[in-house]
Amino acid sequence: MLCLSLTGNDCRTCLTQFQNHRESVELLELRIDCHEEIMIEDISWFLESVTLPVILTCRRTKDGGKYAGSEKARLKLLEELMDLDFRYVELEEDVRRPDLEQKAADRSIRVIRSSYDLVGIPDDLYLRLVKLRRRGDIAKVAVTANSLDDLMKLFRVEEELHDIPEKVVIALGEYGIPARILYRRTGSLYTCCLPHGADEAAGHLSPEILRDLYHADRVNGNTRIFGIIGNPVMHTSSPKIHNPAFDQLGINAVYVPFLVDDIRAFFQLADILDIKGFSVTVPFKQQVLPYLGKISREVKLIGSCNTVYKKNDLWQGVNTDFYGFLSPLQEELEAQRIRKALVIGAGGAARSVVWALRNYYCKVCIVNRTPEKAEKLAGETGSSWKPVSQLDTITDVDLVVQTTSGGMTPYEEVDPSLGYAFTGREIAYDLVYKPKHTRFLKRAGAAGCRQVFGMEMLLAQGVLQFESFTGFTYPQKD
Ligand code: ATR
């Protein structure tokens, strides 16, 4: 189940939050600790107005909530509110009140017995869940994942405690995001999400993202897991390329972003989750190489890999950036209309670009802010290079490729090609896709050049990746 935490400061706001997301969730949590004033009649009206089961929660500040009154007053309030039509009530592990438990039982309200750790994962996580469950309550832990090791502990919960069917595992923090999307793989009954506009500091995902993009509620034991590894990784658009295509072809699979701190730990996690394939982004495109059993010619040539998938129990690496980059230029390359290219930048992305162009026998000149790197890449690829100060001397090129992160949000004012004068005859190609119209492309467009947008390459490499992952052709849009 997807559970919407209603964090409005009164019942009317909470009702609006419910109405905005009613199609996406199956359970509500009424966070009365967020209410400015707790009005029993209003809460009763709210419960009559909603059509989903509701959890009664009054979270203390020490557990990350807003209730700052005395514990005695809080428990009295919970006791009173249990006269209303709640399906569940959350009581923390240290609350020892048999009278409250009895009242819950009498009113057929299930107790969710919770334990919070806002800074990490307790060493006794599994034992804690067993203890929370002891009186027949639903055991809930909300803990903070600070590393992939932490995330692995959460994905081992089900393996360790599969005989506890009624448990809730809420993973806080950015490293915990895969456990929120794949909550069913942690054995959790539900995962929590926040309404639009709520505080999203802890890396919460909206109900619509969880349901419509990741289909989190459909993940089961047979779902094949794919993903992207990187650091940072949450800005990636790749889930929007792969998940809708799985859906369209009726493939039971999900593609999840993994924030990675340690590549070795990720391969352990890949075993635990039986991950079938993943995209690789900065800074792991080289670091991943020692873990691969087989690599393609392009990976060997470029020394970097952006796509890994499992075949015959062996991790195989290919580089779809190479062909993805070439894809929007295919016609010109085949007609041999691109003979000379200028490449701005000499990092990982530039490596793929230069090798791909050299593969078509283009002459390439590399210009980079740090000239030593341009010289090195030029030496390795049989290209020429020039310092940035000589950009104004470069003429007669058919293609200019901007491979640096200069110009990317939030550095939109940067144009690393400044000094180069567009003639209008060359193709201008920017690998940056956010924003679409970079300063580099605007300048080229104003001179009359054909522009190739970063999104074209992103999609082309994603399509090839999808085919490596699944063996299926990427579907046409409906
Ligand atoms: P990627 O894998 O995305 O290419 P990278 O390997 O870190 O990332 O390389 C980044 C490239 O962008 C480098 O060529 C870098 O120039 P330096 O070698 O001088 O660092 C270039 N770059 C990044 N920010 C830039 C900026 N503001 N202006 C010009 N070049 C920039």
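Remember, it's 1-based here, ligands and their atoms both numbered in the order they're listed.
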Inset, instruction - Would you confirm whether any non-hydrogen atom of the protein falls under 4.0 Å from atom 6 (O) of ligand 1? - result: yes
Inset, instruction - Please say which of Phe258, Tyr175, Phe284 ends up in a ring-ring contact (aromatic ring centres under 6.0 Å, His included) with Phe266. - result: Phe258
Legend entry - Atoms of ligand 1 close to Gly345 [distance to a heavy atom under 4.0 angstrom, numbered from 1]: 14 (O)
Inset, instruction - State whether the shortest distance between N or O atoms of Arg369 and N or O atoms of ligand 1 falls below 3.5 angstrom. - result: yes
Legend entry - Option with minimal heavy-atom separation from atom 2 (O) of ligand 1, where the choices are Ala374, Ala349, Gly406, Ala346: Ala349
Legend entry - Ion pair check, Glu158 and Arg184, cut-off under 4.0 Å: no
Inset, instruction - Answer yes or no on whether Lys310 is positioned over the face of Trp315, meaning its NZ or CZ is under 6.0 Å from the six-membered ring centre and within 45° of the axis. - result: yes
Legend entry - Winner among Asn368, Thr403, Thr370, Thr404 once heavy atoms are compared against atom 16 (O) of ligand 1: Asn368
Inset, instruction - Determine whether the side chains of Asn306 and Thr320 contain a donor N or O and an acceptor N or O closer than 3.5 Å. - result: yes
Legend entry - Donor-acceptor under 3.5 Å (Asp33 side chain, Lys66 main chain): yes
Legend entry - Candidate list Gln336, Gln330, Arg337, test side chain to side chain donor-acceptor pair (under 3.5 Å), partner Glu334, passing option: Gln330
Legend entry - Contacting atoms of ligand 1, where contact means under 4.0 angstrom from a heavy atom of Lys373: 17 (P), 18 (O), 20 (O)
Legend entry - Identity and separation of the nearest protein heavy atom to atom 9 (O) of ligand 1: Gly347 CA, 3.3 Å
Legend entry - Presence of salt bridge, Arg128 and Asp117, under 4.0 angstrom: no
Inset, instruction - Under 4.0 Å from a heavy atom of Ser405: give me the atoms of ligand 1 that qualify, with their elements. - result: 12 (O), 23 (C), 24 (N)
Inset, instruction - Look at atom 29 (C) of ligand 1 and find which of Ser417, Pro416, Gly348 reaches it with the closest heavy atom. - result: Pro416
